[in-house]
There are 2 protein chains.
Amino acid sequence: MCRHCDYKELLKASGLESNSNRIRVMEIVGNSSYPLSAQEISDTIDRTASINRVTVYRILDLLVEKGLLDRISAGDRSFRYGMAPNAHHRHHPHFYCRQCSAMECLSPESVHLDTAFLERTFPGAIEKVEVRLDGICKNCLQKLLK
Amino acid sequence: MCRHCDYKELLKASGLESNSNRIRVMEIVGNSSYPLSAQEISDTIDRTASINRVTVYRILDLLVEKGLLDRISAGDRSFRYGMAPNAHHRHHPHFYCRQCSAMECLSPESVHLDTAFLERTFPGAIEKVEVRLDGICKNCLQKLLK
DNA sequence: CGGCAATATGCAACCGAATTGCATGAATGT
DNA sequence: ACATTCATGCAATTCGGTTGCATATTGCCG
């Protein structure tokens with residue numbers, strides 16, 4: 001999906017050494033068209049190398065903390081990971097299918113959100129805004145109709 | 001908070017028998033100014049009666065399924081419960097403090113969200129829209145500054 | 001180059017929130 | 001009063017994720 005991101009560069013720009021695991025994680029997330037679970041990321045790496053799931057969790061924590069990745073709450077009790085907004089990735093909402101638990105990225109324009117007023121008046125610090133639509137995805141809808 | 005809702009009526013209108021546990025849950029959620037965790041609801045009931053947490057979970061599942069309550073994902077891996085939108089309760093966004101895990105309800109006007117385009121064009125079925133802002137709440141901000 | 005500190009990784013055990021299976025208890029209709 | 005249905009309790013389990021601690025790997029300095 002993303003031919004624009006030099007993951008090594010991104011890591012360095014955030015003050016992180018780049019090692020093969022970190023780069024793999026960034027690549028996998030960056031190349032996905034939908035936000036991935038830690039499990040999916042771990043499985044993908046495992047296909048070529050071999051990595052402990054704890055290591056994956058730790059890398060994800062680190063990348064989220066450094067602002068390279070976004071941790072997105074799914075409609076269930078798990079998290080997904082996607083590229084954090086940057087020059088090549090605009091912030092966008094997500095759709096969660098309560099039937100198959102899959103998540104999709106929606107286009108940045110699909111939902112218009114105006115938080116300006118709140119940003120000015122809210123007494124706390126707002127760090128991120130998450131918009132998630134829940135329902136049944138196209139696929140599951142078709143299966144249900146059969 | 002809510003003097004407008006006759007919980008017994010609401011239950012009946014959704015085709016549910018009303019028993020004391022269900023009414024208590026509805027009252028507790030309806031009277032709260034912020035969305036509550038199952039734990040909080042369970043604890044509150046326990047102060048006057050005695051109830052198993054599994055029962056609370058089952059009542060919550062039921063009330064969510066019937067559309068009386070909303071299950072809201074917090075920024076962590078847990079859920080909160082609030083009144084579902086109805087005549088007296090407009091749909092509104094929430095704020096989650098990553099420091100103390102507390103959630104707040106934001107006013108329905110605080111964020112302007114336009115999903116019309118998506119509702120028309122999305123190939124799946126959209127059942128609900130969740131807007132959550134994450135950050136540090138006023139309280140925690142003050143503590144951090146000390 | 002050797003040695004040492006700092007990081008990164010693996011493994012096993014653990015955690016919290018929620019869910020399941022199954023037995024018991026209450027309520028409802030006939 | 002009895003059967004059927006629904007609600008509750010308790011124990012055990014699941015699922016994602018996290019922690020503690022031991023071992024490897026890396027970077028850095030002399």
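Chain A is the first sequence line, chain B the second, and so forth, proteins listed ahead of strands; every chain is numbered from 1.
One can place CG of B:N52 at 14 Å from C1' of C:dA17, the figure rounded to the nearest angstrom. The distance between atom CG of A:N21 and atom P of D:dT26, rounded to the nearest whole Å, is 11 Å. We find that CZ of A:R24 is positioned 19 Å from P of C:dA8, with the value rounded to whole Å. With rounding to whole Å, B:I45 atom CD1 is found 12 Å from D:dT8 atom C1'. Between the CZ atom of B:R80 and the P atom of C:dA18 there is a distance of 9 Å, rounded to whole Å. One atom, CG of A:D46, and another, P of C:dG10, lie 9 Å apart when rounded to the nearest Å. If you take CD1 of A:I59 and P of C:dA8, they are 9 Å apart, rounded to a whole angstrom. Nucleotide C:dA8 holds its P atom 11 Å from the CD atom of A:E65, rounded to whole Å.
Nucleotides of DNA chain D nearest to B:L16 and A:Q39 differ in position, and the one nearer the 5' end is that of B:L16.
Of the candidate nucleotides D:dG16, C:dA18, C:dA8, C:dA18 has the atom lying nearest to any side-chain atom of A:R77. Checked against C:dA18, C:dA8, D:dG17, the side chain of A:N19 finds its nearest nucleotide in C:dA8. Comparing atom distances between the B:A38 side chain and each of D:dG9, C:dA18, D:dG17 picks out C:dA18 as nearest.
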> When you check every protein heavy atom under 4.0 Å of nucleotides 19-30 of chain C, what one-letter string (B, S, -) results, 5' to 3'?
Replying inline: BBB---------

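The side-chain heavy atoms of B:Y7 and B:V25, taken from C-beta on, include no pair separated by under 4.5 Å. Looking at A:D70 and A:M83, their side chains never come closer than 4.5 Å, going by heavy atoms from C-beta outward. Proximity of B:I126 to B:T115: side-chain heavy atoms (C-beta onward) are nowhere separated by under 4.5 Å.
Within the 4.0 Å cut-off from OP1 or OP2 of C:dA8, not a single side-chain nitrogen or oxygen of A:T55 is found. The phosphate of C:dA17 has neither OP1 nor OP2 within less than 4.0 Å of any side-chain N or O from B:S78.
Among the atoms of the strands shown, none is found under 4.0 Å from any heavy atom of A:D76. A:S50 comes within 4.0 angstrom of sugar-phosphate atoms only, judged by non-hydrogen atoms across all strands, and of no base.
In the hydrophobic clustering of this structure, A:F79 does not group with A:L133; members are Ile, Leu, Val, Met, Phe, Trp, Tyr whose side-chain heavy atoms approach within less than 4.5 Å, directly or through other members. B:I72 and B:V64 fall into different hydrophobic clusters, where Ile, Leu, Val, Met, Phe, Trp and Tyr side chains are chained together by heavy-atom contacts under 4.5 Å.
One finds no salt bridge joining A:E17 and A:R22 here, because no Lys/Arg side-chain nitrogen approaches an Asp/Glu carboxylate oxygen to under 4.0 Å.
When each of B:C105, B:S32, B:S37 is checked for a side chain to side chain contact (heavy atoms under 4.5 Å, CB included) with B:R80, only B:S37 meets the rule.
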